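None of the values given here were measured: they were computed from a predicted structure. Ligands are counted one by one from 1 in listed order, and the atoms in each one are counted from 1 as well. Numbering of residues begins at 1 and proceeds along the displayed sequence.
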Amino acid sequence: MSLRDKTVFITGASSGIGAATAMAFAAEGCRLLLAARRAGKLAGVGILARERGAAAVHSIDLDVRNHFAVQTAIDELPPEWAEIDILVNNAGLSRGLEKLYVGKIQDWEEMIDTNVKGLLYVTRAVVPGMVVRGRGHVINLGSTAGDITYPNGAVYCATKAAERAINDGLRLDVLGTPVRVTSVDPGMVETDFSLVRFRGDAERAAKVYKGVKPLTAEDVADAIVWVASRPAHVNIARVMMTPVQQGNSLLFARDES
Ligand code: NDP
Ligand code: 8X3
């Protein structure tokens with residue numbers, strides 16, 4: 001299916017998988033609606049996306065945790081941007097890596113508010129239009145962490161288990177319409193994810209990827225564009241992808257050094 005001139009809304013487009021996804025859809029000639037909180041970084045992604053072939057770019061300074069801001073942003077889109085064909089629910093983060101019984105409640109709230117409630121708010125604002133127009137595709141970012149919980153990551157893993165349930169539930173709830181729903185579930189991807197998790201501790205973040213050739217953000221973007229470009233009658237429910245050196249969220253074959 002050609003993606004040329006499709007309107008693609010990507011949350012968390014200012015870095016990592018979201019930014020790479022913007023570039024991949026740009027190369028297909030899509031129109032990009034990019035959202036994140038860091039307006040400067042988002043503007044940079046927009047400029048690069050235009051250079052890569054995006055038909056047009058519109059950026060929104062948006063915190064997905066704010067329900068009112070999400071609804072208003074969608075309601076007040078300029079008419080030429082209002083008909084979203086593909087929604088990539090990518091905005092998300094982890095905070096901390098510690099035992100549940102000593103975890104920080106503020107960290108839990110940030111993860112749940114972003115990864116679960118934010119995803120729900122954006123979905124609730126965008127999908128009704130897709131149903132009315134009789135076309136659309138929602139692509140949610142899950143994780144191998146949603147499949148198998150790892151030690152010290154209970155709350156992050158819980159948010160991704162919730163994403164899986166929401167993804168499956170939405171797919172059932174749009175059954176009978178042409179709207180498609182997909183979860184793309186990567187394992188280890190080298191982005192700012194660990195830097196954010198460890199609040200800027202680059203040394204600790206680097207250790208996460210030690211002895212493994214991780215996925216790149218571009219690998220994941222490639223899968224996202226692949227699911228979006230299947231023929232209109234094909235719905236890919238779920239894509240789980242890992243580095244070859246990763247078996248699941250717990251098991252790695254790291255190089256010795
Ligand atoms: P990055 O930290 O590189 O990117 C996260 C993006 O989410 C940023 O653009 C950030 O933008 C945005 N974001 C965070 N909070 C908010 C918010 N409240 N409102 C709007 N945007 C927000 O990490 P990744 O690219 O790795 O993560 C993207 C997604 O992929 C997440 O959902 C993550 O859980 C998932 N994932 C990541 C994996 C990995 O190993 N890296 C593996 C599996 C899944 P800004 O700060 O500007 O708002
Ligand atoms: C991100 C992958 O395993 O670091 O979802 O939690 S992991």
Side-chain angles (χ1 to χ4, degrees), residues 9-23 34-46 59-67 69-70 73 88-97 107 109-122 139-164 166-167 183-200 204-205 207-209 212 214-221 223-224 239-243 245-252:
F9 179 28
I10 304 168
T11 67
S14 60
S15 79
I17 295 168
T21 301
M23 297 310 150
L34 306 177
R37 296 165 300 175
R38 289 171 294 174
K41 282 190 80 96
L42 202 56
V45 172
S59 298
I60 316 173
D61 183 354
L62 183 67
D63 186 333
V64 297
R65 294 173 297 177
N66 183 333
H67 173 225
V70 169
V88 184
N89 264 325
N90 165 77
L93 81 180
S94 65
R95 287 293 196 193
L97 190 67
D107 286 348
E109 285 179 341
E110 191 176 1
M111 290 186 276
I112 292 167
D113 287 350
T114 310
N115 303 1
V116 183
K117 292 165 75 177
L119 181 144
L120 285 168
Y121 297 155
V122 176
I139 303 171
N140 296 307
L141 262 294
S143 171
T144 49
D147 244 12
I148 300 179
T149 303
Y150 52 77
N152 303 313
V155 177
Y156 177 73
C157 293
T159 67
K160 291 301 177 179
E163 176 279 338
R164 188 174 182 181
I166 293 163
N167 184 78
S183 185
V184 173
D185 302 354
M188 185 186 280
V189 191
E190 192 164 12
T191 61
D192 287 349
F193 179 86
S194 295
L195 208 56
V196 171
R197 166 168 256 172
F198 301 127
R199 296 188 182 277
R204 195 168 174 202
K207 279 193 189 137
V208 172
Y209 310 106
V212 175
L215 297 176
T216 64
E218 288 72 24
D219 295 326
V220 182
I224 291 170
V239 174
M240 182 172 158
M241 56 193 296
T242 62
Q245 289 172 282
Q246 179 176 12
N248 57 32
S249 68
L250 292 168
L251 192 64
F252 291 84

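Residue R65 places a heavy atom under 4.0 Å from ligand 1. Residue G187 places a heavy atom less than 4.0 Å from ligand 1. Not a single heavy atom of A20 sits closer than 4.0 Å to an atom of ligand 1. Within the structure, the closest approach of E163 to ligand 1 does not fall below 4.0 Å when heavy atoms are considered. Not a single heavy atom of A217 sits closer than 4.0 Å to an atom of ligand 1. The closest approach between a heavy atom of T11 and any atom of ligand 1 is not below 4.0 Å.
R164 and D147 are joined by a salt bridge, as a carboxylate oxygen and a charged side-chain nitrogen come within less than 4.0 angstrom of each other.
Considering each of T159, L215, N90, the one bringing a non-hydrogen atom nearest atom 32 (O) of ligand 1 is N90. The option with the heavy atom closest to atom 22 (C) of ligand 1, from among S14, A91, P243, A19, is A91.
The single protein non-hydrogen atom nearest to atom 7 (S) of ligand 2 is Y150 OH, 3.6 Å, given as residue, atom name and distance. For atom 44 (C) of ligand 1, the closest heavy atom belonging to the protein is G142 O, 3.1 Å. Remark: minimum distance from atom 4 (O) of ligand 2 to any protein heavy atom is reached at F193 CE2, 3.7 Å. For atom 23 (O) of ligand 1, the closest non-hydrogen atom on the protein side is T191 OG1, 3.5 Å.
Every atom of ligand 1 is numbered from 1 in the order shown, and the set under 4.0 Å from a heavy atom of G12 is 6 (C), 7 (O), 8 (C), 9 (O), 12 (C). Remark: ligand 1 atoms within the under-4.0 Å shell around heavy atoms of I17 are 25 (O), 26 (O), 30 (O), 37 (C). Residue contact check: L62 has heavy atoms under 4.0 Å from atoms 19 (N), 20 (C) of ligand 1. Taking every heavy atom of Y156 and a limit of under 4.0 angstrom, the matching atoms of ligand 2 come to 1 (C), 5 (O), 6 (O). Applying the 4.0 Å criterion to heavy atoms of D63 picks out, from ligand 1, the atoms 17 (C), 18 (N), 19 (N). Of all atoms in ligand 2, listed by their number and element, those nearer than 4.0 Å to a heavy atom of S143 are 1 (C), 2 (C), 5 (O).
At a heavy-atom cutoff of 4.0 Å, ligand 1 is contacted by the side chain of Y156 but not by its backbone. Contacts between E190 and ligand 1 below 4.0 angstrom, taking non-hydrogen atoms only, are absent altogether.
In this structure, F193 and Y156 have perpendicular ring planes: the angle between them is above 60°, well past the 30° mark.
Inter-residue side-chain proximity for L62 and V70 is flagged as met; some heavy-atom pair is nearer than 4.5 Å.
Close N/O approach between Q246 and ligand 2 is not found [any backbone or side-chain N/O within under 3.5 Å].
Under the 3.5 Å distance criterion, with hydrogens and angles disregarded, no donor-acceptor pair is assigned to the side chains of N167 and S183.
The line from CG of L251 to CD1 of I148 is 9.0 Å long, rounded to the nearest 0.5 Å. Distance check: N89 CG to I166 CD1 gives 9.0 Å after rounding to the nearest 0.5 Å. In this structure, the separation between CG on L120 and CD on E163 is 10.5 Å, given to the nearest 0.5 Å. Distance check, rounded to the nearest 0.5 Å: CD of Q246 to CE of M188 gives 6.0 Å. Here CG of D192 is found 14.0 Å from CZ of R197. Values are rounded to the nearest 0.5 Å.
Of the possible polar contacts, none joining the K160 side chain to the T149 backbone as a donor-acceptor pair under 3.5 Å is found.
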